[in-house]
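In what follows, chains are A, B, ... by sequence order, proteins preceding strands, each numbered from 1. Side chains included, hydrogens not; waters and symmetry mates left out as well; all remaining heavy atoms used. None of the values given here were measured: they were computed from a predicted structure.
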Amino acid sequence: MPRGERSEEAWLWYTVVYEAIQEIPYGKVTSYGHIARLVGKPERPRQVGVCLKHLAAPSTDRTKKSATYNSSNVPWQRVINARGGIPPRGPHGASRHAAVLRAEGVEVSEGSMGELTVDLSKYGWFPEMLPSETGQVESSDGEDEEAAEDEAAYHA
DNA sequence: AATATGACCAAGA
DNA sequence: CTCTTGGCCATAT
C-alpha cells in the first residue's frame, strides 16, 4: 500500500481480505459484500474492491509484505458484484475476467446491456449464511474485527 | 488540507 | 424490471 507501510492496521485489512478470497473454492464465485461480511466489516464492500485494485499490480512492491499477495496467488476472478455481474473495470477488463472464469468451468452469460453475468444460484459460494431466511446472526456478541480476523485465518 | 472517485451494496421509489 | 439515495473509507487530485 502506497501509504507508509507502517500502518499495520491498513495492512491487516488487506491481509484478511486476501485470505478470505483465497478460501473461495475453485469454480465458484462470491460477492464483494460477502467477503466484507466474512472479515467482519459488512458495511465496507467498497474497500474490498480497493484491495483487488491494488492487487492488479504485482510488481512495484517495495515492502516484502506486499509481495505476499499478488494476482497470481489470489483468485480475484472469483469475486464479482452481488448481482452476479462482472464489474467493468476497464474497456476489455470484463471480457478478460470472464475468460478466466470460463476456464474454471464457470458459465458466463450476457445480461441485458451486454454486461457479463454469472448465475449465482448455481456458482455462488455463500457458506451457511442466509440472513433473509433464518434471520440468525452468528456472532451477536460484542465482538468486532478481532474476532472476524481470527475467523478468517481459522479456515486456512 | 479538502474534495472527488470508486473492481460495491441494500433499500426505496 | 430500472433508477436514485445514502453509506463506507482508502486513494487520487
Legend entry - Separation of A:Arg37 CZ from A:Arg44 CZ (nearest 0.5 Å):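 These two atoms lie 14.5 Å from each other.
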Inset, instruction - Give, for atom NE2 of A:His54 and atom OH of A:Tyr14, the distance between the pair rounded to the nearest 0.5 Å. - result: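 Result: 4.5 Å between the selected atoms.
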Within a strict 4.5 Å, meaning less than it, do heavy atoms of the [X] and [Y] side chains meet?
| X | Y | answer |
| --- | --- | --- |
| A:Glu115 | A:Ile86 | no |
| A:Arg78 | A:Val106 | no |
| A:Leu120 | A:Ile80 | yes |
| A:Tyr69 | A:Glu19 | yes |
| A:Ser31 | A:Phe126 | yes |

Legend entry - Separation between the P atoms of C:dG6 and B:dA7, rounded to whole Å: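 Rounded to whole Å, the distance is 22 Å.
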Inset, instruction - Run the numbers on A:Leu116 and A:Leu101 for side chain to side chain contact (heavy atoms under 4.5 Å, CB included), then give the verdict. - result: CA-CA 11 Å; A:Leu116 301 167; A:Leu101 281 180; over 6 Å; no
Inset, instruction - Strictly below 4.0 Å, heavy-atom distances to any atom of DNA chain B: list the hits from residues 94-107 of chain A, or just say none. - result: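 When residues 94-107 of chain A is checked for heavy atoms under 4.0 Å from DNA chain B, there are no hits whatsoever.
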Inset, instruction - Assign each of A:Ser31 and A:Gln47 to its nearest nucleotide of DNA chain B by heavy atoms, then name whichever residue's nucleotide is nearer the 5' end. - result: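 Result of the comparison: A:Gln47.
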Grab the [atom1]-[atom2] distance between [X] and [N] for me, whole Å please.
| X | N | atom1 | atom2 | value |
| --- | --- | --- | --- | --- |
| A:Tyr14 | B:dA7 | OH | C1' | 13 Å |
| A:Glu115 | C:dC1 | CD | P | 15 Å |
| A:Ile80 | B:dA7 | CD1 | C1' | 12 Å |
| A:Asn81 | B:dG6 | CG | P | 16 Å |
| A:Arg44 | B:dG6 | CZ | P | 21 Å |
| A:Leu55 | B:dA7 | CG | C1' | 11 Å |
| A:Leu52 | C:dC9 | CG | C1' | 16 Å |

Inset, instruction - Show your reasoning for whether side chain to side chain contact (heavy atoms under 4.5 Å, CB included) applies to A:Ile24 and A:Ile35. - result: CA-CA 10 Å; A:Ile24 306 172; A:Ile35 295 298; 4.2 Å; yes
Taking only the side-chain heavy atoms of [X] (C-beta and beyond), determine which of [options] contains the nearest atom.
| X | options | result |
| --- | --- | --- |
| A:Arg89 | B:dA10, B:dA7, B:dC9 | B:dA7 |
| A:Trp76 | B:dA7, B:dG6, C:dT11 | B:dA7 |
| A:Tyr32 | B:dG6, B:dA10, B:dC8 | B:dC8 |
| A:His54 | C:dT11, B:dA10, B:dG6 | C:dT11 |

All N/O contacts under 3.5 Å from nucleotides 2-7 of chain C to the protein, with atom names and distances to one decimal?
from, atom 1, to, atom 2, distance (Å)
C:dG7, O6, A:Arg46, NH1, 3.1

